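All ligand and atom numbering here is 1-based and tracks the order in the structure. From a predicted model like this one, the values you see are computed outputs, not experimental measurements.
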Amino acid sequence: MSMSFPICEEMDDTLIENGRKLFAAECQFVKGVVAMDGLPNPDRIEICFAGRSNVGKSTLINALTNRKGLARSSNTPGRTQEINYFDLASSLYLVDLPGYGYANAPIDIVSKWQRLLKAYLSGRQNLRRAFVLVDARHGIKSVDNEIMSLLDKAAVTFQLILTKSDKIKEKDSEIIYEQVRQNLSKHVAAYPEILISSSERGDGIPVIRGVIADIN
Ligand code: GTP
Ligand code: MG
């Protein structure tokens, strides 16, 4: 087993507490953006959640903020169709992105989202870190690699979150972790620690809050 890209499952109490405090603060929906010129002023840092459709981006935002209906989530892939901005503690934007790799919408709509997504990921000056969510059962797919290559080129640090950990069987997890590490080792912008989450069970949520609180 390679030792690079360890999974970060524990963290210093101080960081956990900072994360808890940050996410206990007010969090509000700001706006849904459909074109680059609709982005809010880059007057604070922001982090975003990217990933294939249905991977659990919106649900993770709800779990982190402990507000069930804040970001609209759904069983139907392609739920999030705009770049949704949330203000946390008046100090940070959390950005919920439309999923990629979703083929079941009209082609012109899909390509419009994809263009916007790519423009956003490669051209947002105050974007401090992109969290790239990958289903823990499926590992990294070629569309994920495309997005990660785009982030490499744009020099946007990205950190992988393996989602839906409640659905993975212990015996399958090492194979997936190894596949993920192999892929990440090819990306210069990959943050050297992997996160793992279950929005269903709450696993990993305090650690992800702590990671976000530590970004500045
Ligand atoms: P798009 O907006 O379409 O790109 O999807 P998304 O990535 O925002 O996914 P969303 O949060 O809407 O979740 C998709 C489905 O996965 C929903 O049915 C969620 O309830 C489910 N889901 C999300 N996170 C978890 C998790 O940690 N565990 C389990 N078991 N299900 C989850
Ligand atoms: Mg969504």
Check your understanding: Backbone N or O of Ala63 within a donor-acceptor pair of the Ser199 side chain at under 3.5 Å?
Key -> no

Check your understanding: For Arg128 and Asn126, what are the C-alpha separation, side-chain angles and deciding distance, and is it a side-chain hydrogen bond (donor to acceptor under 3.5 Å, both in side chains)?
Key -> CA-CA 6 Å; Arg128 204 49 57 85; Asn126 57 324; over 6 Å; no

Check your understanding: Would you say Gly56 has any N or O atom under 3.5 Å from an N or O of ligand 1, going by distance alone?
Key -> yes

Study note, to complete from the structure: re atom 7 (O) of ligand 1, the protein heavy-atom contact at minimum distance is Lys57 NZ, 2.7 Å

Point to revise | For atom 27 (O) of ligand 1, the protein heavy atom that lies nearest, with its residue and separation | key: Ser199 N, 2.8 Å

Review point. At a non-hydrogen distance cut-off of under 4.0 Å, which region of Lys167 contacts ligand 1 (side chain, backbone, both, or neither)?
Key: side chain

**Study point:** Salt bridge present between Glu200 and Lys164 (N-O < 4.0 angstrom)
**Key:** no

Check your understanding: With distance as the sole criterion, is a donor-acceptor pair present between the side chains of Gln28 and Asp87 under 3.5 Å?
Key -> no

Practice item. Verify the distance criterion only: is there a donor paired with an acceptor across the side chains of Asp135 and Thr163 at less than 3.5 Å? Key: no

Check your understanding: Does Asn54 come within less than 4.0 Å of ligand 1, judged by its heavy atoms?
Key -> yes

Exercise for review: Using the six-membered ring wherever Trp is involved, compare the ring planes of Phe131 and Phe49 and label them parallel, tilted or perpendicular (cut-offs 30° and 60°).
Suggested key: parallel

Review point. Side chains of Leu121 and Leu151: does their closest heavy-atom pair fall under 4.5 Å?
Key: yes

Exercise for review: Measure the distance from atom 12 (O) of ligand 1 to every protein heavy atom, then report the residue, atom name and distance (to 0.1 Å) of the closest one.
Suggested key: Ser74 N, 2.9 Å

Exercise for review: Verify the distance criterion only: is there a donor paired with an acceptor across the side chains of Ser198 and Asp203 at less than 3.5 Å?
Suggested key: no

Practice item. Can you establish whether the number of heavy atoms outside Lys31 located under 6.0 Å from its atom NZ is more than 12? Key: yes

Review point. For ligand 1, which atoms have a heavy atom of Gly99 less than 4.0 angstrom away?
Key: 4 (O)

Practice item. Establish, for the pair Arg129 and Phe158, whether the NZ or CZ atom is under 6.0 angstrom from the six-membered ring centre and no further than 45 degrees off its axis. Key: no

Point to revise | ligand 1 atoms in contact with Ser198 (distance to a heavy atom under 4.0 Å) | key: 27 (O)

Exercise for review: Give the residue and atom name of whichever protein heavy atom lies nearest to atom 3 (O) of ligand 1, and the separation in Å to one decimal.
Suggested key: Gly78 N, 2.7 Å

Exercise for review: Would you check if Val95 and Asn84 make a side-chain contact, meaning some heavy-atom pair closer than 4.5 Å?
Suggested key: no

Review point. Tyr100 ring centre to Arg52 NZ or CZ under 6.0 Å, with the angle to the axis within 45°?
Key: no

Check your understanding: Looking at Ser73, which atoms of ligand 1 are within less than 4.0 Å of one of its heavy atoms?
Key -> 10 (P), 11 (O), 12 (O)

Review point. Is a side-chain donor-acceptor pair under 3.5 Å present for Asn145 with Asn183?
Key: yes

Study note, to complete from the structure: For atom 22 (N) of ligand 1, the closest protein heavy atom turns out to be Lys164 CE, 3.7 Å

Revision key, fill the gap. Quick note on ligand 1: atoms under 4.0 Å from a heavy atom of Ser58 include exactly 8 (O), 11 (O)

Exercise for review: Check the hydrophobic clustering (I, L, V, M, F, W, Y; side-chain heavy atoms under 4.5 Å; chains of links allowed) and say if Phe86 and Val33 are grouped together.
Suggested key: no

Exercise for review: For ligand 1, find out whether one of its N or O atoms is nearer than 3.5 Å to an N or O atom of Val55.
Suggested key: yes

Study note, to complete from the structure: Ranked by distance from atom 19 (C) of ligand 1, the top protein heavy atom is Thr59 OG1, 3.7 Å

Exercise for review: Tell me which one of Ile168, Leu133, Asp166 gets a heavy atom nearest to atom 28 (N) of ligand 1.
Suggested key: Asp166

**Study point:** Atoms of protein origin (N, O or S) under 2.8 Å from the Mg ion (ligand 2)
**Key:** Ser58 OG, Thr80 OG1

Practice item. Could you tell me if any non-hydrogen atom of Gly51 lies under 4.0 Å from any atom of ligand 1? Key: no

